Protein chains: 2
Amino acid sequence: MSVVRDLQLDTACPDTRALVEHVTSKWGVLVLLALEEGTQRWSELKRSIDGVSEKMLIQTLQTLEADQLVRRDALPVVPPHVEYSLTDGGREAAALLGPLMHWAQLRAQG
Amino acid sequence: MSVVRDLQLDTACPDTRALVEHVTSKWGVLVLLALEEGTQRWSELKRSIDGVSEKMLIQTLQTLEADQLVRRDALPVVPPHVEYSLTDGGREAAALLGPLMHWAQLRAQG
DNA sequence: CCGCATCCTATCGGATACTG
DNA sequence: CAGTATCCGATAGGATGCGG
């Protein structure tokens with residue numbers, strides 16, 4: 001009945017935990033909210049998200065893609081042209097993360 | 001204007017990031033949602049939150065207390081009797097985390 | 001009952017250099 | 001442009017044991 005009851009399941013359910021950790025990770029939340037505004041290329045994302053290393057950007061994108069929150073479209077041209085966008089699930093996640101980030105920002109910076 | 005603009009500030013603002021990491025941490029989210037139902041003693045929390053070690057429970061509580069999301073009340077009796085409850089800020093956090101956990105759970109377990 | 005101290009491991013995440 | 005590969009330090013988090 002209670003929220004806690006559900007959460008005890010969580011502790012026993014690594015999948016739920018993993019998903020939460022992915023979307024709330026340092027770069028995961030930034031990627032999701034950046035893509036919430038629309039499709040972006042890899043290099044655009046790298047510029048949008050200040051301070052992200054190539055390693056972490058790729059890694060984060062691959063994780064979120066595996067979670068089916070982000071879609072990757074690679075156009076077979078030279079030079080490579082790869083676009084990233086949110087799936088429906090990704091939009092759901094972003095919609096939940098936005099308020100959380102907003103709250104944290106208000107609280108941390110006054 | 002955009003959400004992303006705000007988030008770029010985030011990257012440069014460790015305080016916001018830290019707060020998000022605290023409330024979305026493995027045990028932080030469980031503590032906040034457990035306390036959302038009302039005041040609990042330390043030993044009750046330990047039993048409520050399945051699998052938490054003493055070290056992590058204490059550490060999580062101290063972090064959230066420092067963030068002013070959790071209040072600690074120690075009654076000067078023997079044996080010690082310590083109660084934990086949410087502050088207004090803690091209730092705000094819990095209200096944002098509930099939907100996120102619910103979403104993750106539905107998505108992870110179907 | 002409540003909490004601290006210590007040790008240990010795995011993972012996170014940054015820096016750097018290299019490829020098609 | 002869009003990655004891959006490798007090394008490295010810092011930290012999260014578990015196990016165990018002690019103390020008031």
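Naming convention: chains lettered A, B, ... in sequence-line order (proteins, then strands); numbering from 1 in each chain. Computation of the quantities below employed the complete heavy-atom set of this structure, encompassing side-chain atoms and omitting hydrogens, waters and symmetry-equivalent molecules. Model, not experiment: these values are computed from the prediction.
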- Item | Candidate nucleotides D/dG14, D/dT6, C/dC1, ranked by approach to the side chain of B/W27 - the nearest | D/dG14
- Query: Looking only at side-chain N and O atoms, does B/S43 come under 4.0 Å of OP1 or OP2 in C/dC2?
  - Reply: yes
- Contact class for B/Q62 vs. all strands (heavy atom < 4.0 Å): base, sugar-phosphate, or nothing? sugar-phosphate
- Query: Which part of the nucleic acid, if any, lies within contact of B/E54, taking any heavy atom under 4.0 Å across all strands shown: a base, the sugar-phosphate backbone alone, or nothing?
  - Reply: base
- Message: Counting C-beta onward and ignoring hydrogens, is there a side-chain heavy-atom pair between A/L61 and A/R72 closer than 4.5 Å?
- Response: no
- For A/K46, answer base if it contacts any base atom (sugar-phosphate contacts may also be present), sugar-phosphate if it contacts only those atoms, and nothing otherwise; contact means non-hydrogen atoms under 4.0 Å. nothing
- Rounded to whole angstroms, how far apart are CE on B/M56 and C1' on C/dG3? 15 Å
- Task: In whole angstrom, give the distance that lies between atom OH of B/Y84 and atom P of C/dG3.
- Result: 4 Å
- Could you check how far NE2 of A/H22 sits from P of C/dC12, rounded to whole Å? 8 Å
- Taking D/dG14, D/dG3, C/dC2 as options, the one with an atom nearest any side-chain atom of B/K55 is D/dG14
- Message: With nearest nucleotide decided by heavy atoms, which residue, A/S53 or A/P80, maps closer to the 5′ end of DNA chain C?
- Response: A/S53
- Item | Length of the CZ-C1' vector between B/R72 and C/dC2, whole Å | 8 Å
- Heavy-atom pair with the smallest gap, counting every atom of B/A108 and A/L19: N-CD2, 4.4 Å
- Message: Restricting to non-hydrogen atoms, name the atom on A/L45 and the atom on A/Q40 that form the minimum distance, rounded to 0.1 Å.
- Response: N-OE1, 3.6 Å
- Item | A/Q68 CD: over 12 foreign heavy atoms closer than 6.0 Å | no
- Do you know which two heavy atoms are closest between B/W103 and A/A93, and how far apart they sit? CH2-CB, 3.6 Å
- Note on the structure: Between CZ of B/R41 and P of C/dC2 the distance, given in whole Å, is 4 Å
- Task: Specify the separation, in whole Å, of atom CD1 of A/I58 and atom P of D/dG3.
- Result: 4 Å
- Message: How many whole angstroms separate atom CG of A/L57 from atom C1' of C/dT16?
- Response: 17 Å
- Task: Please state how far atom NE2 in A/H81 lies from atom C1' in D/dG3, giving the value in whole angstrom units.
- Result: 15 Å
